[in-house]
Amino acid sequence: MNINNLMVTGGCGFIGSNFIHYVLKETGFAGRIINVDKLTYAGNPENLKGIGERFGNRYVFQKMDICDAGGMGKIFSDYNVDAVCHFAAESHVDRSIKRPESFIYTNIIGTFNLLELARARADKFVLFHHVSTDEVFGSLGDAGYFTEETPYRPNSPYSASKAASDHLVRAYHETYGLPVVISNCSNNYGPYQFPEKLIPLMILNAVEGKPLPVYGDGRNVRDWLYVKDHCEAIWTIMQSGERGGTFNIGGNSEMENIVIVEMICDLLDEVLPSPAGMSRRKLITFVKDRPGHDRRYAIDFGKLQKQLGWAPRESFASGIRKTITWYLENKAWIENIRSGEYQTWIDEHYGED
Ligand code: NAD
Ligand code: TYD
């Protein structure tokens with residue numbers, strides 16, 4: 001498939017920035033990337049350090065809110081955008097429980113604006129790839145997997161807003177013939193993830209000897225997908241995934257939260273023993289459960305594997321080691337994050353009610 005000007009929304013966030021590194025450095029893509037990001041608390045230009053210098057005019061950054069239809073329209077026409085890979089979103093469930101409004105604007109209205117702009121470009125537009133989540137399917141019991149046929153049953157304001165955007169994307173294909181594809185993936189982890197999410201939060205707190213807050217009984221299950229595997233899956237789907245279709249992406253790594261936290265403690269004790277030789281497991285603190293906390297997510301990615309030959313390369317054991325090493329080696333990035341809104345979030349979330 002021939003893309004010349006690929007707009008990546010949310011390219012300064014966790015997955016979007018990994019995707020830009022991957023596409024420019026590892027795929028042979030010869031076109032231009034236009035990264036559009038509002039730079040919320042989760043958007044960090046440091047994630048793309050060196051990309052502008054290395055790729056010159058093949059990489060453009062535009063600070064813009066996807067809810068600003070006029071501003072976005074100008075970017076579409078200035079850069080002759082012929083494809084979109086849409087990552088920009090409010091992405092954290094706990095924040096959506098406290099303050100859902102921005103999730104409705106960015107995730108629903110923002111996606112609607114992009115679809116309208118793509119539609120207006122008619123036959124100049126070749127692909128709208130919508131990056132979504134397995135959380136749209138709701139919660140599983142002890143057995144079974146989410147497939148592409150699982151009915152939507154979102155339980156948090158975040159997942160409901162993502163579900164709404166998925167429906168809009170699908171409708172633009174059915175109604176207007178827009179060339180779209182949707183991917184629903186499991187929990188990502190890896191470099192550049194903002195430390196409000198489980199894995200980077202636990203790594204940083206454990207390094208600093210702070211409490212490790214585990215929600216409820218710690219037995220909730222997530223499937224974990226190494227971010228680079230996710231990027232490779234998206235690129236594979238963009239090349240040859242059936243238009244109008246959806247693909248589940250999973251990491252083959254179902255884990256209970258408490259097991260992950262214990263693993264992080266043990267790996268850190270191995271590579272960076274705590275000063276008093278204390279086991280970091282002692283830092284684990286069970287806290288009040290998240291309201292509406294989904295019990296289990298698990299993904300069947302058989303369609304993607306059979307149709308396009310993709311499977312994750314990383315096991316959880318190898319991916320978590322790489323991730324811990326990255327956080328230990330990138331202290332400047334962490335200091336940068338910590339100097340901003342992150343501290344306010346931690347104070348609000350874990351401080352007195
Ligand atoms: P993130 O929160 O790290 O990054 C989101 C990015 O979007 C940030 O750079 C932010 O500045 C930008 N953004 C937010 N609102 C914007 C707006 N109105 N206009 C322009 N830019 C805006 O998120 P992430 O973890 O990288 O997730 C990327 C996508 O993948 C999201 O759509 C999310 O729903 C989906 N997803 C994430 C996971 C995961 O585990 N992180 C799992 C499944 C799906
Ligand atoms: P999170 O990283 O927020 O991703 P999501 O809610 O999108 O799955 O949380 C992953 C799991 O870890 C989820 O079951 C909630 C749990 N969790 C904790 O137990 N403690 C924490 O401090 C956080 C942030 C999450």
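Atoms within each ligand, like the ligands themselves, are counted from 1 in listed order. Since the structure is predicted, the reported quantities are computational estimates derived from the model, not experimental observations.
- Among I20, I51, L6, the single residue meeting the side-chain contact (heavy atoms from CB on, under 4.5 Å) criterion with N35 is I20.
- By the 3.5 Å distance cut-off applied to N or O atoms, P213 is counted among the residues near ligand 2.
- Salt bridge annotation for D266-R281: present, with a cationic side-chain nitrogen under 4.0 angstrom from a carboxylate oxygen.
- Remark: minimum distance from atom 40 (O) of ligand 1 to any protein heavy atom is reached at N188 N, 2.8 Å.
- Contact analysis leaves Y189 out of contact with ligand 1, as no non-hydrogen atom separation drops below 4.0 angstrom.
- At a threshold of 4.0 Å, the pair R222-E135 does not count as salt-bridged, since none of the basic side-chain nitrogens sits closer than that to a carboxylate oxygen.
- Between F128 and H173, a ring centre-to-centre spacing not shorter than 6.0 Å is recorded.
- Here the heavy atom of the protein found nearest to atom 25 (O) of ligand 1 is F14 CD2, 3.6 Å.
- Residue K197 has at least one heavy-atom neighbour below 4.0 Å for each of these atoms of ligand 2: 2 (O).
- Atoms of ligand 2 lying under 4.0 Å from any heavy atom of L201, numbered from 1 in the order shown and given with element: 22 (O).
- Contacts between Y158 and ligand 1, counted as non-hydrogen atom pairs separated by less than 4.0 Å, involve the side chain only.
- Not a single heavy atom of S102 sits closer than 4.0 Å to an atom of ligand 1.
- With W235 as the fixed residue, the ring-ring contact (aromatic ring centres under 6.0 Å, His included) test singles out one of W310, F29, Y22: F29.
- Among C185, S17, G190, A42, the residue whose heavy atom sits closest to atom 43 (C) of ligand 1 is C185.
- Within ligand 2, the atoms closer than 4.0 Å to a non-hydrogen atom of E135 are 5 (P), 7 (O), 8 (O), numbered from 1 in the order shown.
- For atom 38 (C) of ligand 1, the nearest protein heavy atom (residue, atom name, distance) is I15 CD1, 3.8 Å.
- For ligand 2, the atoms lying closer than 4.0 Å to a non-hydrogen atom of V214 are 19 (O).
- Closest protein heavy atom to atom 32 (O) of ligand 1: K162 NZ, 2.7 Å.
- Remark: distances from the non-hydrogen atoms of F87 to ligand 1 include one below 4.0 Å.
- With Y226 as the partner, the side-chain contact (heavy atoms from CB on, under 4.5 Å) test is satisfied by one option alone out of R313, E314, E232: E314.
- Taking a cutoff of 4.0 Å between a charged side-chain nitrogen and a carboxylate oxygen, R280 and D269 qualify as a salt bridge.
- Interface of H92 with ligand 2, defined as ligand atoms under 4.0 Å from a residue heavy atom, comprises 3 (O).
- R119 has a carboxylate O that lies under 4.0 Å from a charged side-chain N of E116, or vice versa, which qualifies the two as a salt bridge.
- Of all the listed residues (D65, V131, V36), V131 holds the heavy atom that lies closest to atom 35 (C) of ligand 1.
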Please determine whether side-chain contact (heavy atoms from CB on, under 4.5 Å) holds for the pair I75 and M64, giving the CA-CA distance in whole Å, both sets of side-chain angles, and the decisive distance to 0.1 Å. CA-CA 9 Å; I75 298 174; M64 180 61 67; 3.8 Å; yes
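- A cation-pi contact, defined as under 6.0 Å to the ring centre and within 45° of the axis, links K303 to F247.
- Applying ring-ring contact (aromatic ring centres under 6.0 Å, His included) to F137 and the options Y152, Y145, Y297 leaves one that passes, Y152.
- Distances from ligand 1 to the non-hydrogen atoms of G11 include no value under 4.0 Å.
- Taking a 4.0 Å cut-off on heavy atoms, E135 fails to register as neighbouring ligand 1.
- Here the side chain of H21 pairs a donor or acceptor atom with the backbone of N47 at under 3.5 angstrom.
- The number of heavy-atom neighbours closer than 6.0 Å to CD of E101, taken from other residues, nucleotides and ligands shown, is 12 or below.
- Using a 4.0 angstrom heavy-atom cutoff, T9 does not count as in contact with ligand 1.
- The closest protein non-hydrogen atom to atom 19 (N) of ligand 1 is I66 N, 3.0 Å.
- Under 4.0 Å is where a charged nitrogen must lie from a carboxylate oxygen, and between R290 and D94 at least one such pair does.
- Checked against a 3.5 angstrom limit, the closest N/O atoms of E196 and ligand 2 fall outside it.
- Of the protein's non-hydrogen atoms, the one nearest atom 15 (N) of ligand 1 is T106 CG2, 3.5 Å.
- At a 4.0 Å cut-off, not a single heavy atom of G110 sits close enough to ligand 1 to count as contact.
- Here I199 has no heavy atoms under 4.0 Å from ligand 2, in either its backbone or its side chain.
- Distances from atom 22 (C) of ligand 1 to the heavy atoms of R222, E90, H230, K38 show the closest one on K38.
- The protein non-hydrogen atom at the shortest distance from atom 1 (P) of ligand 1 is S91 OG, 3.6 Å.
- Close approach of ligand 2 to N257 (heavy-atom distance below 4.0 Å) involves ligand atoms 11 (C), 12 (O), 13 (C), 14 (O), 16 (C).
- Taking every non-hydrogen atom of H293 and a distance limit under 4.0 Å, the qualifying atoms of ligand 2 come out as 13 (C), 14 (O), 15 (C).
- A salt bridge is defined here as a Lys NZ or Arg NE, NH1 or NH2 lying under 4.0 Å from an Asp or Glu carboxylate O, and E270 with R321 meets this definition.
- With rounding to the nearest 0.5 angstrom, the NZ atom of K25 is 6.5 Å from the CZ atom of F55.
- Summary of contacts: the protein heavy atom closest to atom 42 (C) of ligand 1 is S186 O, 3.4 Å.
- The shortest N/O to N/O separation between D94 and ligand 2 does not fall below 3.5 Å.
- Between atom 21 (C) of ligand 2 and the options W224, F286, Y215, the minimum heavy-atom separation is to Y215.
- The distance from ligand 1 to the heavy atoms of S132 drops below 4.0 Å at these ligand atoms: 43 (C), 44 (C).
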